[in-house]
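I have a structure I would like to understand better, so I am pasting it below and will then ask my questions one at a time.
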Amino acid sequence: MIFVKKIKYIALLMIAVLLLSACGKGDDNKKQNKNDNSAITLQMKEISNFNPFLVSNHSVRDVYSLCYEPLFAVDNTIHPQGVLAQSIDISDDCMTAVINLKDSVLWHDGVGFTGGDVIYTINLLKANPDWEYYEYVKYIDTVTVIDDYTLRITLTKPYGQIAYSLTFPIVAAHNTAMDSSILGTGPYKFSSYIPATSLELVKNEAWHGGDANCEKINVNIIKDNVAVTTAFNTGILSAVTDQSFDSENASPRAGSKTYSYPSTEFEYIALNHNKGIFQSQNIRSAVSYAIDRTTIVNECYNGGAMEANAPIHPAAEGVAESSIQSQFSLANANEMLFMEGYTMDESTKLLKDSQNNTLSFTLLVNEDNPQRMKTAQLLVKQFFAAGIDVNVTALPFEEYLERISSGNFDAYLGGTRLRNVYDFDALLSENGALNNYGYKSEYIEMALDALNTAPGQDSLSDAVFNFEELFVREQPVIGLLFKNRTLLVAENVNGDILPSVNAPYKNIDRWSVN
């Protein structure tokens, strides 16, 4: 496989050299080079249509974010900031929210943006449960107009953190051809498209955020991450994220710049609570204490992650941190297991109970995920140091999912991209879509409700503190980390390069190309 990839690299490198050589011939090509200096070149995977709600690939979503804008975006301190919205006012019972919209926004065709577009977008999502952003509106009951730039949202349940969910693209109510055209409010707008080849965007002269530095964005449609890597390393692409760059087989070109930014991708170990050993809170706590998360971050993620023994984002500012820390401690792990009646067998260096049964379990992992595979192998060593015998079962992704859905596992290494950074219902609630590990607790349900019913920053801080303390005691899942993402930028790109949470091209309007 590595040999094949090297051949691909060489072939693509030769093509790139030929293309770059051709650009130096003739006056027309010199003119083209000059034009290209005012453009940024990105990449995305192939698309079947332009509907932003049918996008599952990160590279397409990132490009579409240059055209479509949300009401709010989450910044690097994990706070919602207005984009198309100016402010939001949550009622004390967290059942309604009043949103004030910006009144100076135009769609790319010059039509004014109003609250009617927001209502249209939300109702469109509510009517399509299979679409990418449906989960973001699942607690919205109705949206009504107070005036053109003020809306009232009524919710089906208390949901004080609704602003964190209003981060999906807003589309124009008058765009009747959303599948075949791009019509947004962002800094760049549609210019041309060659299927399976390229997409060209030009700057939106009437953008409410100001004047973009670069005249256009050239988007190359590239199917393969190996080809994406070659295109970046030969200077064809201006920027690429680590999700598209094949870092397993290549390093970024000399002189390129890297920018790290947070994501909401939470990695954890799910323990099957229907299994006898994991019904014990002490054993779950011992498993958590046995994990050296710092080593996992450094050795399995090359430092590109933030340790997190609970799903509260480590980058969040203005929320109280729990006083309880289930950090790495073999002494604490041994104490918890001693309380459960386990003693060390000196011949095997493994813990055994009074019936001479070894404390052991199998850890399920999907074999196509290199970071999880590395993490699983490292965890085996860390658990052994605590006297716990762990075997790894690595499976193809579909088989891995089937084993989880059928409950045929002791524990699995998994992860989720939190849509709302303070909504853990799917992961932890008894009926949550991601609770496939049999956990239920009335105390966790109360803590989740407290997070949902916190309308202001002070009440949210208290709710986060209480939730985190309960989570660390209960250990419904074993938190590991939040991934960071990396933006790779070519040496000739400058300006305010400030990627933000799940948004690598956040400030692309402030970039410039030398």
Side-chain angles (χ1 to χ4, degrees), residues 52-53 61 64-92 94-108 111-126 132-155 158-175 183-187 204 206-210 264 316 318 418-423 452 454-457 460 498 500-503 505-507 509:
F53 303 132
R61 183 173 60 241
Y64 281 11
S65 71
L66 310 182
C67 303
Y68 293 102
E69 294 180 308
L71 292 174
F72 295 92
V74 178
D75 66 17
N76 286 344
T77 65
I78 318 301
H79 286 91
Q81 302 295 333
V83 181
L84 293 177
Q86 290 193 93
S87 63
I88 185 169
D89 183 27
I90 309 292
S91 64
D92 290 341
C94 297
M95 289 295 293
T96 60
V98 174
I99 299 175
N100 296 304
L101 304 174
K102 292 182 178 179
D103 59 5
S104 58
V105 179
L106 298 176
W107 292 102
H108 290 159
V111 175
F113 161 76
T114 70
D117 298 304
V118 179
I119 294 175
Y120 171 77
T121 302
I122 291 174
N123 287 339
L124 190 62
L125 287 174
K126 285 170 60 66
E132 180 72 12
Y133 295 93
Y134 171 77
E135 291 292 316
Y136 291 62
V137 300
K138 64 182 179 181
Y139 298 138
I140 295 178
D141 185 18
T142 60
V143 189
T144 54
V145 170
I146 297 175
D147 58 47
D148 280 351
Y149 302 105
T150 312
L151 299 173
R152 177 179 288 108
I153 294 178
T154 303
L155 302 165
Y159 200 49
Q161 313 318 316
I162 182 65
Y164 288 93
S165 292
L166 299 175
T167 54
F168 48 85
I170 301 299
V171 297
H174 65 281
N175 183 13
L183 182 60
T185 57
N204 175 15
W207 185 46
H208 62 97
T264 58
L418 298 175
R419 293 175 172 87
N420 179 322
V421 292
Y422 292 114
D423 182 356
N452 289 337
Q457 189 62 38
L460 175 62
L498 302 170
S500 188
V501 176
N502 298 326
Y505 307 135
K506 170 71 174 177
N507 285 75
D509 59 288

message: Between L166 and I153, is the side-chain contact (heavy atoms from CB on, under 4.5 Å) condition met? List the steps.
response: CA-CA 11 Å; L166 299 175; I153 294 178; 4.2 Å; yes
task: Would you confirm whether H108, through its side chain, and L183, through its main-chain N or O, come within 3.5 Å as a donor-acceptor pair?
output: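 Side chain of H108 to backbone of L183, a donor-acceptor pair under 3.5 Å: no, none is there.
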For D103, all residues meeting side-chain contact (heavy atoms from CB on, under 4.5 Å), sequence neighbours excluded: Y149
Can you give each donor-acceptor pair under 3.5 Å made by side-chain atoms of residues 94-102, sequence neighbours left out, with the distance rounded to 0.1 Å?
residue, atom, partner, partner atom, Å
T96, OG1, S91, OG, 3.2
N100, ND2, S87, OG, 2.9
K102, NZ, V83, O, 2.8

- prompt: What do you reckon, is CG of D147 surrounded by more than 12 foreign heavy atoms closer than 6.0 Å?
  reply: yes
query: Does a side-chain heavy-atom distance below 4.5 Å link I78 with V501?
result: yes
- prompt: Looking at residues at least two apart in the chain, or sitting in another chain, which of them share a salt bridge (charged side-chain N to carboxylate O under 4.0 Å, His left out) with E135?
  reply: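 Salt bridge (charged side-chain N to carboxylate O under 4.0 Å, His left out) list for E135, sorted by chain: K138.
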message: Return the CD1 to CG distance between I162 and L71, rounded to the nearest 0.5 Å.
response: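 The CD1 atom of I162 sits 10.0 Å away from the CG atom of L71.
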query: Which atoms form the tightest heavy-atom contact between A172 and Y120, and what is the distance?
result: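 Taking every non-hydrogen atom into account, O-CE2, 3.7 Å.
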field: Nearest non-hydrogen partners of W107 and V171, listed with the distance
entry: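 Looks like CH2-C, 3.3 Å.
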- request: Under the ring pair (Phe, Tyr, Trp, His ring centres under 6.0 Å) rule, collect the residues that match up with Y136, sequence neighbours excluded.
  value: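 Result, ring pair (Phe, Tyr, Trp, His ring centres under 6.0 Å) vs Y136: Y133.
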field: Which residues share a side chain to side chain donor-acceptor pair (under 3.5 Å) with K506, sequence neighbours left out
entry: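 Residues passing side chain to side chain donor-acceptor pair (under 3.5 Å) with K506: none at all.
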Sidechain-backbone polar pair: K126 side chain, V137 backbone, donor-acceptor under 3.5 Å: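 Side chain of K126 to backbone of V137: no pair is present.
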Under the side chain to side chain donor-acceptor pair (under 3.5 Å) test, residues paired with T114 that sit two or more places apart: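 Listed in chain order: nothing, the list is empty.
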query: Can you name the side chain to side chain donor-acceptor pair (under 3.5 Å) partners of D141, sequence neighbours left out?
result: none
task: Enter the distance from Y139:OH to L155:CG here, rounded to the nearest 0.5 Å.
output: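 The CG atom of L155 is 10.5 Å from OH of Y139, to the nearest 0.5 Å.
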- prompt: When you measure from the side chain of D117 to the backbone N and O of A173, does any donor-acceptor pair fall under 3.5 Å?
  reply: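 Yes; at least one donor-acceptor contact below 3.5 Å.
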- request: Inspect the surroundings of CZ in R61 and state if more than 12 heavy atoms from other residues, nucleotides or ligands are less than 6.0 Å away.
  value: yes
query: Quick check: does any side chain N or O of N452 sit under 3.5 Å from a backbone N or O of G160, one acting as donor and the other as acceptor?
result: no
query: If every non-hydrogen atom of Y422 is compared with every non-hydrogen atom of A316, which pair is closest and at what distance?
result: OH-CB, 3.6 Å
field: side chain to side chain donor-acceptor pair (under 3.5 Å) partners for N204, two or more places apart
entry: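 Partners of N204 under the side chain to side chain donor-acceptor pair (under 3.5 Å) test: none.
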field: side-chain contact (heavy atoms from CB on, under 4.5 Å) involving L498 - partner list, sequence neighbours excluded
entry: D496, N507
field: Results of side-chain contact (heavy atoms from CB on, under 4.5 Å) for P187 - residues two or more places apart only
entry: E69, W207, D509
Distance in Å, F113 CZ paired with I170 CD1, rounded so as to fall on 0.5 Å steps: 6.5 Å
field: Pairwise distance CD1(I122) to CD1(I140) - rounded to 0.5 angstrom
entry: 4.0 Å
task: Return each pair, listed once, that meets side chain to side chain donor-acceptor pair (under 3.5 Å) where at least one residue sits in residues 161-174; pairs must be two or more places apart or across chains.
output: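 Pairs touching residues 161-174 that pass the test: D109-H174, Y159-S165, S165-N420.
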- prompt: So how far is it from N502 CG to R419 CZ, rounded to the nearest 0.5 Å?
  reply: 11.5 Å
message: Restricting to side-chain contact (heavy atoms from CB on, under 4.5 Å), what partner residues turn up for T77, sequence neighbours left out?
response: D75, H79, E317
message: With a 4.5 Å cut-off on side-chain heavy atoms, are L106 and T185 touching?
response: no
field: Nearest-0.5 Å distance, OG1 of residue T142 to CG of residue N123
entry: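 Here the interatomic distance stands at 9.0 Å.
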